Colleague: 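Here it is, the structure, as structure tokens.
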Amino acid sequence: MSLFQCVMCSASLEKQTNINIVHPSYWNGKDPLPVLYLLHGLSDDYSNWMRRSLIELFADEKNIMVVMPDGARSWYSNQIDGCNYYDYVSKELPEFIERTFNVAKTADKRFIAGLSMGGYGAVKIALRNPERYGAVAAFSGAYELNWVKEAHPKCYTEAFGDAPSAEDDVYRLVADFKSAVRPRFYLACGLRDRFYQCDCDLRDRLKAAGFDVVWDEEDRDHEWRFWNSQIEKAIPWMLMK
């Protein structure tokens, strides 16, 4: 396994930002790698997937590059009071990665995933850019934004102002989805997780809208043991088509 910690000067964010990148140790740099953009949760940063999961091992075993950006507490939105994290993660970052590394540039080998806030971000970005991602994985996704307003009012206001736009509401994005191109979805949540019901709700809405959805659940809470086991399952699922 090879690890890069990059510092990128982002025009979208108007500042420098950190990125962790892992690729298989035996990669020769010539054969294009599949690439996974892996998003962190609200209380985390770009380093947490590296520090608290076996993502290095899984990238090595499955021959994939994994890109872990910093999304701050942005809900991967263009914040009303803050930075344009949606533009950064959905557009500027992939363009930077594809200029810098020999990675696949087709949707069937480009993926996005995340946990909690990052699960929400992965689903939102994929639904708004369905032609870019062949598959999406979201674990313990925090899709119910009224919960954010109650639990983290300052964070909510910075990200969404008084209320989220239709483009920040994943339920609206599913209901209004028009594209003929449909990414595959892998959704998972712990049975004891506070987001279990809203994750089931999104699963049911996606299925009703005609999306290909795989669902998994374990007797877990909102915890890293669950997320580690789920990313291990999700990567081979992403690569199977």
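This is a predicted model, so every value here is computed, not measured.
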Colleague: Nearest 0.5 Å please: distance from the CG atom of Asp193 over to the CG atom of Asp199.
Modeller: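 If I round to the nearest 0.5 Å, the distance is 7.0 Å.
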Colleague: May I ask you to check whether over 12 heavy atoms, not counting those of Glu14, lie within 6.0 Å of atom CD?
Modeller: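 No, not enclosed.
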Colleague: For the residue pair Leu187 and Val214, establish whether any side-chain heavy-atom pair is separated by less than 4.5 Å.
Modeller: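 Not in contact.
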Colleague: Is there a path of hydrophobic side-chain contacts, each under 4.5 Å between heavy atoms, that joins Phe58 and Met240?
Modeller: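 Yes; Met240 is reachable from Phe58 via cluster members.
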Colleague: Does either side chain, that of Ser12 or that of Glu92, offer a donor lying less than 3.5 Å from an acceptor on the other one?
Modeller: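 Yes, side-chain donor-acceptor contact under 3.5 Å.
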Colleague: Which distance, rounded to the nearest 0.5 Å, do you find between the CZ of Arg182 and the CG of Asp212?
Modeller: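 If we round to the nearest 0.5 Å, Arg182:CZ and Asp212:CG are 11.0 Å apart.
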Colleague: Do Met65 and Trp27 come close enough that some side-chain heavy atom pair is under 4.5 Å?
Modeller: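 They are in side-chain contact.
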Colleague: Does any non-hydrogen side-chain atom of Ser47 lie less than 4.5 Å from one of Asp70?
Modeller: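 They are not in contact (no side-chain heavy atoms under 4.5 Å apart), so the answer is no.
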Colleague: One pair to check against side-chain contact (heavy atoms from CB on, under 4.5 Å): Ile231 and Ile235. What are the steps and the verdict?
Modeller: CA-CA 6 Å; Ile231 193 64; Ile235 289 175; 4.1 Å; yes
Colleague: Quickly, which of Arg110, Lys91, Lys109 forms a salt bridge (charged side-chain N to carboxylate O under 4.0 Å, His left out) with Glu98? Name it, please.
Modeller: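 That would be Arg110; it is the only one of Arg110, Lys91, Lys109 passing the salt bridge (charged side-chain N to carboxylate O under 4.0 Å, His left out) with Glu98.
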Colleague: State, to 0.1 Å, how close Ala126 and Pro183 come at their nearest heavy-atom pair, and which atoms those are.
Modeller: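 That closest heavy-atom pairing would be O-CG, 4.3 Å.
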Colleague: Going only through I, L, V, M, F, W and Y residues with side-chain contacts under 4.5 Å, is there a path from Met117 to Trp147?
Modeller: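 Result: yes, single cluster for both.
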Colleague: Just so I know, are the side chains of Leu39 and Pro69 near enough to count as touching, which here means a heavy-atom distance under 4.5 Å?
Modeller: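 In short, these two side chains touch, coming nearer than 4.5 Å.
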Colleague: What's the spacing between Leu115 CG and Leu42 CG if we round to 0.5 Å?
Modeller: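 So the CG of Leu115 and the CG of Leu42 are separated by 10.5 Å.
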Colleague: Please lay out, stage by stage, how Phe211 and Phe177 fare under the test ring-ring contact (aromatic ring centres under 6.0 Å, His included).
Modeller: CA-CA 10 Å; Phe211 286 90; Phe177 193 84; 4.9 Å; yes
Colleague: Look up atom CG in Asp60 and atom OG in Ser25, then write down how far apart they are to the nearest 0.5 Å.
Modeller: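 If we round to the nearest 0.5 Å, Asp60:CG and Ser25:OG are 4.0 Å apart.
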Colleague: Determine, step by step, whether Glu218 and Gln230 satisfy the side-chain hydrogen bond (donor to acceptor under 3.5 Å, both in side chains) criterion, reporting the C-alpha distance in whole Å, the side-chain angles of both residues, the deciding distance to 0.1 Å, and the verdict.
Modeller: CA-CA 10 Å; Glu218 298 176 23; Gln230 287 300 323; 2.8 Å; yes
Colleague: Does any donor atom in the side chain of Asn102 or Asp31 lie under 3.5 Å from an acceptor atom in the other side chain?
Modeller: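 Result is no, nothing qualifies.
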Colleague: Taking the side chain as every heavy atom from C-beta outward, state whether Leu127 and Phe185 have any pair of such atoms under 4.5 Å apart.
Modeller: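 They are in side-chain contact.
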Colleague: Do Ser116 and His222 pass the side-chain contact (heavy atoms from CB on, under 4.5 Å) test, and can you show the C-alpha distance, the side-chain angles, and the key distance before you say yes or no?
Modeller: CA-CA 8 Å; Ser116 195; His222 206 70; 3.0 Å; yes
Colleague: Please step through side-chain contact (heavy atoms from CB on, under 4.5 Å) for the pair Leu54 and Asn228, ending with a clear verdict.
Modeller: CA-CA 7 Å; Leu54 296 176; Asn228 184 65; 3.7 Å; yes
Colleague: Give a yes/no verdict on a cation-pi contact between Arg205 and Tyr171, requiring under 6.0 Å between NZ or CZ and the six-membered ring centre and an angle within 45° of the axis.
Modeller: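 Yes; both conditions hold, so Arg205 lies above the ring face of Tyr171.
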Colleague: So, does Thr100 use its side chain to make a donor-acceptor pair with the main chain of Ile97 at under 3.5 Å?
Modeller: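 It does not hold such a pair.
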Colleague: If the plane angle is over 60° it's perpendicular, under 30° parallel, otherwise tilted; pick one for Tyr186 and Trp237.
Modeller: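 Aromatic pair Tyr186/Trp237 classed tilted.
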Colleague: Taking Arg52 for its side chain and Trp224 for its backbone only, find out whether a donor-acceptor pair lies under 3.5 Å.
Modeller: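 Between the backbone of Trp224 and the side chain of Arg52 there is no qualifying donor-acceptor contact (under 3.5 Å).
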Colleague: Just so I know, are the side chains of Asn18 and Cys6 near enough to count as touching, which here means a heavy-atom distance under 4.5 Å?
Modeller: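 Heavy-atom side-chain distance check fails, nothing below 4.5 Å.
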Colleague: What's the shortest heavy-atom distance between Ile55 and Trp49, and which atoms?
Modeller: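 For Ile55 versus Trp49, the nearest heavy atoms are CG2-O, 3.5 Å.
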Colleague: Closest heavy-atom contact between Phe139 and Ala234?
Modeller: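 Shortest heavy-atom contact: CZ-CB, 3.8 Å.
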Colleague: So, taking the atom named CD in Glu56 and the one named CE in Met50, what distance separates them when rounded to the nearest 0.5 Å?
Modeller: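 Spacing of CD (Glu56) from CE (Met50) equals 3.5 Å.
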Colleague: Do the side-chain N and O atoms of Ser140 and Trp227 include a donor-acceptor pair separated by under 3.5 angstrom?
Modeller: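 Yes, because at least one side-chain N or O of Ser140 sits under 3.5 Å from a partner of the opposite role on Trp227.
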Colleague: Under a 4.5 Å cut-off applied to non-hydrogen side-chain atoms, are Ile64 and Leu33 in contact?
Modeller: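 Sidechains of Leu33 and Ile64: no contact.
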Colleague: Determine yes or no for a side-chain-to-main-chain donor-acceptor pair under 3.5 angstrom, with Asp219 supplying the side chain and Leu191 the backbone.
Modeller: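 Such a contact is absent between Asp219 side chain and Leu191 backbone.
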Colleague: Check whether Phe111 forms a cation-pi arrangement with Arg132 (NZ or CZ under 6.0 Å from the six-membered ring centre, at most 45° off the ring normal).
Modeller: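 No.
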Colleague: Compute the ring centroids of Phe101 and His23, then answer whether they are less than 6.0 Å apart.
Modeller: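 Not close enough - the centres of the two rings lie 6.0 Å or further apart.
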Colleague: With a sphere of 6.0 Å drawn around CG of Asp162, does it hold more than 12 non-hydrogen atoms of other residues, nucleotides or ligands?
Modeller: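 Atom CG in Asp162 is not packed in, count stays at 12 or less.
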Colleague: Please say yes or no: joined through hydrophobic side-chain contacts below 4.5 Å, possibly via intermediate residues, are Leu38 and Leu57 part of one cluster?
Modeller: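 Looking at the clustering, Leu57 is in the same group as Leu38.
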Colleague: How about CZ on Arg51, more than 12 heavy atoms from neighbouring residues, nucleotides or ligands closer than 6.0 Å, or not?
Modeller: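 Above 12, so yes.
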Colleague: Whether the Glu217 and Tyr196 side chains hold a donor-acceptor pair (N or O, under 3.5 Å, no angle test) is what I'd like checked.
Modeller: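 Looking only at side-chain atoms, Tyr196 and Glu217 do form a donor-acceptor pair, the distance falling under 3.5 Å.
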Colleague: Does the plane of the ring in Tyr143 sit parallel, tilted or perpendicular to the ring in Tyr120? Use 30° and 60° as the thresholds.
Modeller: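 Tilted.
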Colleague: Enumerate, atom names and distances included, each donor-acceptor pair closer than 3.5 Å involving a side-chain atom of residues 151-159, sequence neighbours excluded.
Modeller:
residue : atom : partner : partner atom : Å
Lys154  : NZ   : Glu158  : OE2          : 2.5
Thr157  : OG1  : Pro153  : O            : 3.0

Colleague: Where do Arg225 and Arg220 land on the side-chain contact (heavy atoms from CB on, under 4.5 Å) test, with the steps shown first?
Modeller: CA-CA 8 Å; Arg225 288 183 183 274; Arg220 292 287 186 185; 3.7 Å; yes
Colleague: Determine the minimum heavy-atom distance between Phe226 and Asp221, stating which atoms define it.
Modeller: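 Answer, listing the atom of Phe226 first, then Asp221: CB-O, 4.3 Å.
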Colleague: Do Arg172 and Asp176 meet the salt-bridge criterion of a basic N to acidic O distance under 4.0 Å?
Modeller: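 Yes.
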Colleague: Side chains of Ser10 and Tyr85: does their closest heavy-atom pair fall under 4.5 Å?
Modeller: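 Result no, sub-4.5 Å side-chain heavy-atom pair not found.
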Colleague: So, Asp168 versus Ser77: side-chain donor-acceptor pair below 3.5 Å or not?
Modeller: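 Asp168 vs Ser77: no donor-acceptor pair found between side chains.
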Colleague: Without hydrogens or angle criteria, can the side chains of Gln5 and Tyr46 be said to hold a donor-acceptor pair below 3.5 Å?
Modeller: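 Per modelled atom types, Gln5 and Tyr46 side chains form a pair under 3.5 Å.
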Colleague: Kindly check if the number of other-residue, nucleotide or ligand heavy atoms within 6.0 Å of NZ (Lys233) is above 12?
Modeller: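 Above 12, so yes.
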Colleague: Is Tyr88 reachable from Ile80 through a run of hydrophobic residues whose side-chain heavy atoms are each under 4.5 Å from the next?
Modeller: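 Unlinked, Ile80 and Tyr88 end up in two clusters.
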Colleague: Testing the basics here: between Tyr37 and Pro94, what is the closest heavy-atom pair and its distance to 0.1 Å?
Modeller: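 In this case the closest contact between Tyr37 and Pro94 is OH-CA, 3.3 Å.
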Colleague: How far apart are the closest heavy atoms of Ala122 and Ala137, and which atoms are they?
Modeller: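 Between these two residues, the closest heavy atoms are CB-O, 4.2 Å.
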Colleague: Tell me whether the count of non-hydrogen atoms from other residues, nucleotides or ligands lying under 6.0 Å of CZ in Arg192 goes above 12.
Modeller: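 Result for CZ/Arg192: enclosed.
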Colleague: Any chance you could measure Leu36, atom CG, to Met68, atom CE, to the nearest 0.5 Å?
Modeller: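 Separation between the atoms: 8.5 Å.
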Colleague: In terms of hydrophobic clustering (I, L, V, M, F, W, Y; side-chain heavy atoms under 4.5 Å; direct or indirect links), are Val181 and Ile125 co-clustered?
Modeller: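 No, it is not one cluster - the side chains of Val181 and Ile125 are not joined through contacts under 4.5 Å.
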